[in-house]
Amino acid sequence: MIKGFDRKRQRLRRHLRVRKRVVGSAERPRLAVSRSLKHIYAQLIDDSAGRTLLAVSSLDKELRGQVDGGNVEGARMVGDLLAKRALAAGLKSVVFDRGGNAYHGRVQALAEAAREGGLEF
């Protein structure tokens with residue numbers, strides 16, 4: 001391994017850099033996106049109270065069996081479901097936290113689907 005090159009460490013450094021500026025509140029929670037090779041997860045977090053207001057993933061009962069969280073289409077479905085649940089809970093505006101991942105592919109698809117569903121970033 002080349003000294004200083006570690007993908008996980010670089011992603012964590014980017015995540016910490018993003019988290020310095022992105023803070024969620026009860027009125028405008030943080031939309032935190034994390035992904036693995038097989039699934040994608042999204043949470044709405046109130047950082048002032050330190051609690052998760054809403055969580056959606058490709059493992060949800062509503063999506064299980066019809067979605068593959070490891071592709072862009074699955075991420076879009078998760079974003080749609082997140083927007084529906086957030087609007088039902090009375091949350092319209094969020095702050096986006098990409099979690100150190102590039103704003104590309106699945107992360108971008110989830111964000112765009114949430115925007116199209118009615119959430120404001």
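- Panel note: side chain Arg106, backbone Glu73; no donor-acceptor pair is recorded below 3.5 Å.
- Within the 4.5 Å cutoff, no side-chain heavy atoms of Gln43 are placed close to those of Leu54.
- Note on Leu119 and Ile45: separate hydrophobic clusters, where clusters join Ile, Leu, Val, Met, Phe, Trp and Tyr whose side-chain heavy atoms are under 4.5 Å apart, directly or indirectly.
- For the atom pair Glu116 CD and Arg76 CZ, the distance stands at 8.0 Å (nearest 0.5 Å).
- Taking both residues in full, the closest heavy atoms of Val72 and Ala109 are given as CG1-CB, 3.5 Å, listed atom of the first, atom of the second, then distance.
- Residue Ser48 comes nearest to Ser25 through the heavy atom pair OG-CA, 4.3 Å, listed as atom of the first residue, atom of the second, then distance.
- The shortest distance between side-chain heavy atoms of Pro29 and Val94 falls below 4.5 Å.
- One hydrophobic cluster holds both Tyr103 and Leu82 under the rule that ILVMFWY side chains link at heavy-atom gaps under 4.5 Å.
- In this structure, the side chains of Arg19 and Arg30 come closer than 4.5 Å at one or more pairs of heavy atoms.
- At a threshold of 4.5 Å between side-chain heavy atoms, the hydrophobic network of Ile, Leu, Val, Met, Phe, Trp and Tyr places Val18 and Leu31 in two separate groups.
- When atom types are taken as modelled, the side chain of Arg14 and the backbone of Gly100 share a donor-acceptor pair closer than 3.5 angstrom.
- One finds the OG atom of Ser57 at 8.0 Å from the NE2 atom of His39 (value rounded to the nearest 0.5 Å).
- Atom NZ of Lys84 and atom CD of Glu62 lie 8.0 Å apart (nearest 0.5 Å).
- Here the straight-line distance linking atom CG of Leu59 with atom CD1 of Ile40 works out to 11.5 Å at 0.5 Å rounding.
- Leu44 and Tyr41 end up in different hydrophobic clusters when Ile, Leu, Val, Met, Phe, Trp and Tyr side chains are linked at under 4.5 Å.
- Paired with Asp46 under the rule side-chain contact (heavy atoms from CB on, under 4.5 Å), one option of Val23, Leu53, Thr52 passes, and it is Leu53.
- No side-chain donor-acceptor contact under 3.5 Å links Ser58 to the backbone of Asp68.
- With hydrophobic clusters built from ILVMFWY side chains whose heavy atoms lie under 4.5 angstrom apart, Val22 does not share a cluster with Leu91.
- Shortest non-hydrogen contact noted between Gly99 and Arg11 is O-NH1, 2.5 Å.
- Remark: the backbone N or O of Gly74 is paired with a side-chain donor or acceptor of Asn71 at under 3.5 angstrom.
- Side-chain contact between Val95 and Phe121 is absent, with no heavy atoms from C-beta onward closer than 4.5 Å.
- Taking every heavy atom of both residues into account, Ala102 and Val107 meet most closely at O-CB, 3.9 Å.
- No more than 12 heavy atoms of other residues, nucleotides or ligands lie within 6.0 Å of CZ in Arg13, so this atom counts as exposed by the packing criterion.
- If you take CG on Leu110 and CZ on Arg115, they are separated by 10.5 Å, rounding to the nearest 0.5 Å.
- With hydrogens and angles disregarded, no donor-acceptor distance shorter than 3.5 Å links the side chain of Asp97 to the backbone of Ala32.
- Between the CG atom in Asp80 and the CE atom in Met77 there is a gap of 8.0 Å [rounded to 0.5 Å].
- Residues Arg85 and Asp60 are paired through a salt bridge, judged by an N-O separation under 4.0 Å between the basic side chain and the carboxylate.
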